[in-house]
Amino acid sequence: MKRNVLPGLRLSLGVTLFYVGLIVVLPIAALVFKAASLGPADYWQIVSSARAVASYRVTVLSALGATIFNLFFGLALAWVLTRYRFRGWRIVDAMVDLPFALPTAVAGIALTALFANNGWFGSVLADLGIKVAYTPLGIMIAMCFTSLPFIVRTVQPVLEDLDPALEEAAQSLGGSDWEIFRKVILPLLTPALLAGVSLSFARSLGEFGAIIFIAGNQPMSTEITALLVFIRLEEYDYQAAAAIASVLLLTAFVMLAVTNTLQARALRYTVRS
Amino acid sequence: MSANLTPNLGRRKPPRVGDGPLFRRALIGTVLVIGAFLILAPLIVIGFEAFKQGWKTYSATIANPDTRHAILLTVVTALIAVPVNTAFGVAAAWAITKFDFRGKRFLLVLIEIPFSVSPIVAGVAYLFVYGLQGIFGPYFDAHGIKVLFALPGIILASMFVTAPFVARELIPLMQSQGRDLEEAATSLGASGWRTFISVTLPNIKWALLYGVVLCNARVMGEFGAVSVVSGNIRGQTNTLPLHIELLYHDYQTAGAFASASILAIIAVFTIIAKVALEKQGAGRARKTATRPALASNPAEKPS
């Protein structure tokens, strides 16, 4: 290996390690340490309490629902934005990033205003007998909003890079549009879709700001795990907060590993020499 | 092959899958309607609710001392957290892309952890470092230094959630640019800073700005992590997003939406800046042109 002549390794690596250590590693280590100091029996009792388990259930199920909706809607949106040109498509393309740019608390009160029983959408839905605000459906809608860009932005570049020759070949062999989509296009999109799905799901599991306004926050039914951590803190029950937060942290690490694997696979199929 | 032999006589491009006019219109229509309900409507309702009681109520809310203090605190937080984060991002990108060392991939994963961690977990984690029940809390308390429920805590929590923002934009770009230019400059006698300022910086300026814009938007809008470490003291440690929550739960809906409209305007400007920078080749535009060289970059987009 040739000798590196560039200066600044010690300074830049030093700054990086110091910053990552102080800002990222130290707090997470402190949380893990605090949760570990509980002892297995106490820890298990807290994380498996009925209220905690109910919060996992509503969080995971809502995140699952939101991710499935975003899988279809996100794919359709990405498709429309790459395949079709219509008036205003640039604005639509830019607006996809709004959930990233809009602060979660702002999104939360806006969605609540829309879906409350006297809101623009809520009043119409209430006439149909559907309650959104203060139910798990509301949690799902907040999650849909915040995690939509993940799927669109992961699938979009792959769709743009899709070689038209593949479709032409399939067409010349007599395939119908649906057959070509299912047997040629979808398999090529699958790695990107899976990566987007895991990002979207991970984001929904940890979401807080957008949800607490619309959720109703009833223990055992509409209380998400992140909120339960917050409530335990307000009750000065730091051990319980640490234990339940450690569950969220562990889930985040698992999702990070899953996403990393899926994204590496997605890239392997899209990188061209 | 001559055009006469192909089945698509005289047509330049054969119709691609899903290009049938009926399907095309139906799909665009469906997507736009759902998009309008899910994405556009929240933005519109903010403006509607903020001005529902007239311009007077709106300006009175903005002029309220607590609101003004919240705006000030948000701006001060961004003015400190964003530059520090940017310096870190540049340092991290320089170290990772210009040198080879062991544990590089692990370092990349560490930098990206904040993307996957719930903001609430981040806030709780800081509590166990600087809180009275935390590692350094009692020490700081004994020396009269207030970290939590004060500005330092808010800044630290904001730095955690945005730690990867600048580095993530720079690393794939600097990776693809290689080291040749910098090595040439150094071998001609330029100092490290000179090399960075006149050789590296012109090549990464748009990506850098892109990262800064996204980082700033997140810092100004961060809610979960900040709400744990700030203590929500009205007129003291309330940032704008926390102020919105406070007003909302006080049933001052118009005030909450008036404050929210400020953040919504910042969000719209963020998107405009983002599109403009993408035109310069930053962010998404680059990612479509040349794929990121790092397969281990899990979060391409901010969270």
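In what follows, chains carry the letters A, B, and so on, assigned in the order in which the sequence lines appear, proteins first and then strands, with residues in each chain numbered from 1. Predicted, not measured: the structure shown is a model, and the values here were computed from it.
Of the listed residues A/T251, A/L31, A/T112, A/I180, the one with more heavy-atom pairs under 4.5 angstrom with chain B than any other is A/L31. Note on B/A256, B/P241, B/G123, B/S227: by heavy-atom pairs under 4.5 Å with chain A, the leading option is B/S227. Here A/L9 is the residue among A/L77, A/L9, A/V184 with the most heavy-atom pairs under 4.5 Å with chain B. Counting heavy-atom pairs closer than 4.5 Å to chain A, the top-ranked of the candidates B/A92, B/G20, B/G192 is B/A92. Ranked by heavy-atom pairs shorter than 4.5 Å toward chain A, the options B/A217, B/P119, B/A41, B/A36 are led by B/A41. Each of A/F181, A/W178, A/F145 has some count of heavy-atom pairs under 4.5 Å with chain B, and the biggest count is that of A/F145. When the candidates A/G175, A/G108, A/A105 are compared by the number of heavy-atom contacts under 4.5 Å with chain B, A/A105 comes out ahead. Note on B/T30, B/V268, B/V129: by heavy-atom pairs under 4.5 Å with chain A, the leading option is B/V129. Options B/V90, B/V124, B/T270 differ in how many heavy-atom pairs under 4.5 Å they form with chain A, and the most are formed by B/V124. The residue among A/E234, A/R10, A/R85 with the most heavy atom pairs within less than 4.5 Å of chain B is A/R85. Of the listed residues (B/T253, B/I46, B/L242), the one with the most heavy-atom contacts under 4.5 Å to chain A is B/I46.
Side-chain contact between B/F136 and A/L26 is present, with heavy atoms from C-beta onward closer than 4.5 Å. Contact annotation: the side chain of B/I44 approaches that of A/W120 to within less than 4.5 Å [non-hydrogen atoms, C-beta and beyond]. Within the 4.5 Å cutoff, side-chain heavy atoms of A/P164 are placed close to those of B/R16. With a 4.5 Å cut-off on side-chain heavy atoms, B/I113 and A/F253 count as touching. Contact annotation: the side chain of A/W79 never approaches that of B/V31 to less than 4.5 Å [non-hydrogen atoms, C-beta and beyond]. Residues A/P27 and B/Y130 have side chains not in contact (no heavy-atom distance under 4.5 Å, counting atoms from C-beta outward). Between B/F160 and A/L22 there is no side-chain heavy-atom pair separated by less than 4.5 Å. In this structure, B/P42 and A/L114 have side chains that are in contact, with non-hydrogen atoms separated by less than 4.5 Å.
For chain A, no part of B/L240 is nearby; none of its heavy atoms comes within less than 4.5 Å. In this structure, chain B has no heavy atom under 4.5 Å from any part of A/A107. Residue A/F18: no heavy atom, backbone or side chain, is found under 4.5 Å from chain B. Proximity to chain A (any heavy atom under 4.5 Å) is shown, for B/V121, by both the backbone and the side chain. Of the atoms belonging to B/S261, not a single heavy atom falls under 4.5 Å from chain A. With a threshold of 4.5 angstrom between heavy atoms, B/I244 approaches chain A through side-chain atoms but not through N, CA, C or O. Heavy atoms of B/I135 lying under 4.5 Å from chain A belong exclusively to its side chain. With a threshold of 4.5 angstrom between heavy atoms, B/I266 does not approach chain A through any atom at all. When heavy atoms are compared at a cutoff of 4.5 Å, B/L32 approaches chain A solely by way of its side chain, counted from C-beta outward. Heavy atoms of B/F101 lying under 4.5 Å from chain A belong exclusively to its side chain. Neither the backbone nor the side chain of B/I272 comes within contact range of chain A; no heavy atom of the residue lies under 4.5 Å from a heavy atom of that chain.
To the nearest 0.5 angstrom, A/L6 atom CG is 7.5 Å from B/R179 atom CZ. Within the model, atoms NZ of B/K104 and CG of A/L13 stand 10.0 Å from one another, a figure rounded to the nearest 0.5 Å. Separating the OG1 atom in A/T259 from the CD atom in B/E112 is a distance of 10.5 Å, to the nearest 0.5 Å. Note that CZ of A/R87 and CD1 of B/I28 are 12.5 Å apart. Values are rounded to the nearest 0.5 Å. With rounding to the nearest 0.5 Å, the separation of OG1 in A/T16 from CD1 in B/I111 is 6.5 Å. Within the model, atoms CZ of A/F230 and CD1 of B/I120 stand 6.0 Å from one another, a figure rounded to the nearest 0.5 Å.
Listed here is the closest heavy atom pair of B/I271 and A/A94: CG2-O, 3.7 Å. The two residues A/L11 and B/W193 make their nearest non-hydrogen contact at CD2-CZ2, 3.9 Å. The shortest non-hydrogen separation linking B/A264 to A/L102 is CA-CD1, 3.8 Å. Annotation for B/F128 and A/A30: closest pair O-CB, 3.6 Å, computed over non-hydrogen atoms. Scanning both residues, B/A91 and A/S12, for their nearest heavy atoms gives O-CB, 3.4 Å. Nearest heavy-atom pair, B/G35 versus A/F73, reported as atom, atom and distance to 0.1 Å: N-CZ, 3.6 Å.
No donor-acceptor contact under 3.5 angstrom links the side chains of A/Y84 and B/D19, judged on distance only.
For B/Y248 and A/F213, the distance between ring centers is under 6.0 angstrom.
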Check: Do A/F121 and B/F37 pass the ring-ring contact (aromatic ring centres under 6.0 Å, His included) test, and can you show the C-alpha distance, the side-chain angles, and the key distance before you say yes or no?
Finding: CA-CA 9 Å; A/F121 303 156; B/F37 279 115; 4.8 Å; yes

Next item on the list: Before giving the answer on side-chain contact (heavy atoms from CB on, under 4.5 Å), spell out for A/C144 and B/L38 the whole-Å C-alpha distance, their side-chain angles and the decisive distance to 0.1 Å.
Entry: CA-CA 8 Å; A/C144 283; B/L38 192 63; 4.3 Å; yes

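Checking A/V24, A/I23, A/I28 one by one against B/P114, the side chain to side chain contact (heavy atoms under 4.5 Å, CB included) holds for a single residue, A/V24.
Under the 30°/60° scheme for interplanar angles, the aromatic rings of A/Y19 and B/F88 are found to lie parallel.
Counting only distance, with no hydrogens or angles, the side chain of A/D177 and the backbone of B/V17 share no donor-acceptor pair below 3.5 Å.
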